[in-house]
Amino acid sequence: MVLEKAKIMSEKRFTLTEESTGKSIDLPIRSGTHGPDMIEVGSLYKEHGVFTYDPGYGTTGSCSSAICFIDGEKGVLLFRGYPIEQLAEQCSFIEITFLLLYGELPTKTELDEFEADIRHHTMMPESLGHFFNGFHHNAHPMAMLMGVVGSLSAFYHDRMDIKNPHDRDQFARRMIAKIPTIAAAAYKHSVDQPIVPPNNDLNYCENFLNMLFAVPAERYEISPVASKALDLLFILHADHEQNASTSTVRLSGSAGTNPYAAIAAGISTLWGPAHGGANEAVLNMLEEIGSADRCDEFIAKAKDKNDPFRLMGFGHRVYKNFDPRATIIRKACHEVLEELGVDDPLLELAMKLEEAALKDEYFVNKKLYPNVDFYSGIIYKALGFPTNMFTVLFAIARTVGWVAHWAEGQADPEARIGRPRQNYIGEAKRDVTDIAKR
Ligand code: ACO
């Protein structure tokens with residue numbers, strides 16, 4: 001655990017002056033390896049009787065973390081210090097899983113041992129498979145994923161001690177191994193086909209593709225192009241520091257909850273269209289736009305403050321330059337479609353829309369660039385995934401980040417239950433009137 005390295009107290013102080021009394025409030029500053037300094041405001045209420053107010057937590061740090069770093073102004077993304085571009089080029093998703101969990105890239109022996117163990121845990125409990133029968137076939141696969149992952153807490157509860165690092169590691173490996181199996185079963189249920197069990201001769205992505213697309217009656221050939229493309233997309237989605245779903249998992253975990261239940265909470269947050277649901281929303285939006293000559297009409301809609309429509313796949317809370325993952329995916333999108341021999345007019349349309357938006361003053365001034373999800377859906381579609389599985393694919397990859405952050409939070413000696421404050425704007429204190437007189 002390298003968490004301690006990130007907690008560097010700075011010599012610098014920050015002073016606030018309360019205008020009415022002229023009283024000074026002296027606050028310590030904490031510096032990390034990279035990124036802006038952080039003012040420690042934890043003593044404000046106890047010593048000065050005030051809270052801080054930051055809806056959406058845009059400038060609030062909730063923890064120290066050694067897992068992931070983003071510089072949104074420069075478009076930098078590092079996993080454990082390594083740039084995403086190098087990891088995407090040189091490593092597999094399983095190597096990156098090891099890196100995110102344990103802090104270092106694995107040796108060949110470590111990787112072999114880790115991968116074998118992940119393969120060993122791919123099966124879901126037999127009775128868990130029956131849970132799917134409780135869902136209607138048209139249930140959204142994210143709803144099924146959330147419900148069934150949460151239900152894992154019923155299978156692994158009493159025997160797990162979250163204060164024990166070995167138990168935490170076992171949870172991490174189990175969760176990462178089982179999520180593709182559960183995700184594929186959700187899909188099979190939605191298309192009324194038998195669940196295909198995992199085949200541990202296959203690697204992580206091949207196994208998932210096989211569970212998803214194979215049927216008992218026919219031979220299914222796993223496309224190496226599809227498996228490689230999926231591996232890349234999983235790498236790019238594996239972690240993104242304290243985003244909404246990861247913060248949900250940490251917050252849930254801070255109460256000491258069963259970690260499978262905490263992951264289910266993360267899945268529910270990811271599903272929202274402002275977060276991981278955007279990849280599905282982008283494809284629906286491109287289909288709705290239909291042709292390049294309607295790009296301007298939709299850009300105008302996105303700019304209209306009276307219209308709730310937003311250009312899906314554009315904008316990011318942290319990236320105010322480009323999203324480095326979007327650059328990698330954009331390039332991969334062209335390569336994958338060419339290798340698969342897919343000619344999708346939606347790719348052409350997406351490029352036209354991107355070009356039009358990037359020339360538009362509104363998007364330029366607000367620093368709105370394509371995010372990771374603008375192009376990912378086009379690759380998923382070319383690989384044969386139905387649109388409602390796109391966010392499920394994101395969830396499989398992000399499970400690694402969720403689990404790594406959950407474990408880091410559990411091991412952090414500074415961690416406390418997450419409990420934000422509020423600015424109360426309701427009625428002032430008043431007395432109850434008797435019901436006959438109201
Ligand atoms: N289309 C049009 N206008 C936009 C867009 C967009 N996609 N995104 C932001 N804006 C505008 C907002 O209306 C706001 O304008 P204002 O300052 O005049 O009020 C300004 O840009 C800033 O936007 P906020 O919503 O305040 O930024 P925030 O950081 O809270 O939201 C978010 C970021 C949620 C990603 C937003 O850009 C968005 O809704 N994008 C579309 C959904 C999307 O692609 N989500 C995926 C994010 S990546 C991920 O989670 C994997």
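Model, not experiment: these values are computed from the prediction. We count ligands from 1, going down the list as the structure has it; atoms in each ligand are counted the same way.
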Restricting to heavy atoms, the pick from Gly315, Pro370, Ala326, Pro55 nearest atom 35 (C) of ligand 1 would be Gly315
Does ligand 1 have an atom that lies less than 4.0 angstrom from a heavy atom of Tyr362?
yes
Could you identify the single nearest non-hydrogen protein atom to atom 26 (O) of ligand 1 and state the distance to 0.1 Å?
Arg310 NH2, 4.9 Å
At under 4.0 Å between heavy atoms, which part of Val372 makes contact with ligand 1: side chain, backbone, both or neither?
side chain
Short N/O distance, under 3.5 Å, between Phe314 and ligand 1?
yes
So, using ring pair (Phe, Tyr, Trp, His ring centres under 6.0 Å) as the criterion, who are the partners of Phe314 when residues are at least two apart?
Phe363, Phe374
Closest approach of any protein heavy atom to atom 7 (N) of ligand 1, naming residue and atom
Leu311 O, 2.7 Å
For Phe385 and Phe213, I'd like to know if the aromatic rings sit close, meaning centre-to-centre distance below 6.0 Å.
yes
Would you say the ring centers of Tyr319 and Tyr369 fall short of 6.0 Å from each other?
no
Any salt bridge linking Lys352 with Glu348? Criterion: basic side-chain nitrogen under 4.0 Å from a carboxylate oxygen.
yes
Touching ligand 1 at all, Lys303? Heavy atoms, strictly under 4.0 Å?
no
State if Gly58 counts as touching ligand 1 under the rule of any non-hydrogen atom under 4.0 Å.
no
Glu288 with Arg294: basic N within carboxylate O range, under 4.0 Å
no
Please tell me if atom 30 (O) of ligand 1 is touched by the protein, where touching means a protein heavy-atom distance below 4.0 Å.
yes
Does CD in Glu361 sit with more than 12 non-hydrogen atoms of other residues, nucleotides or ligands closer than 6.0 Å?
no
Please classify the Phe394 to ligand 1 contact at 4.0 Å (heavy-atom distances, strictly less than): side chain, backbone, both or neither.
side chain
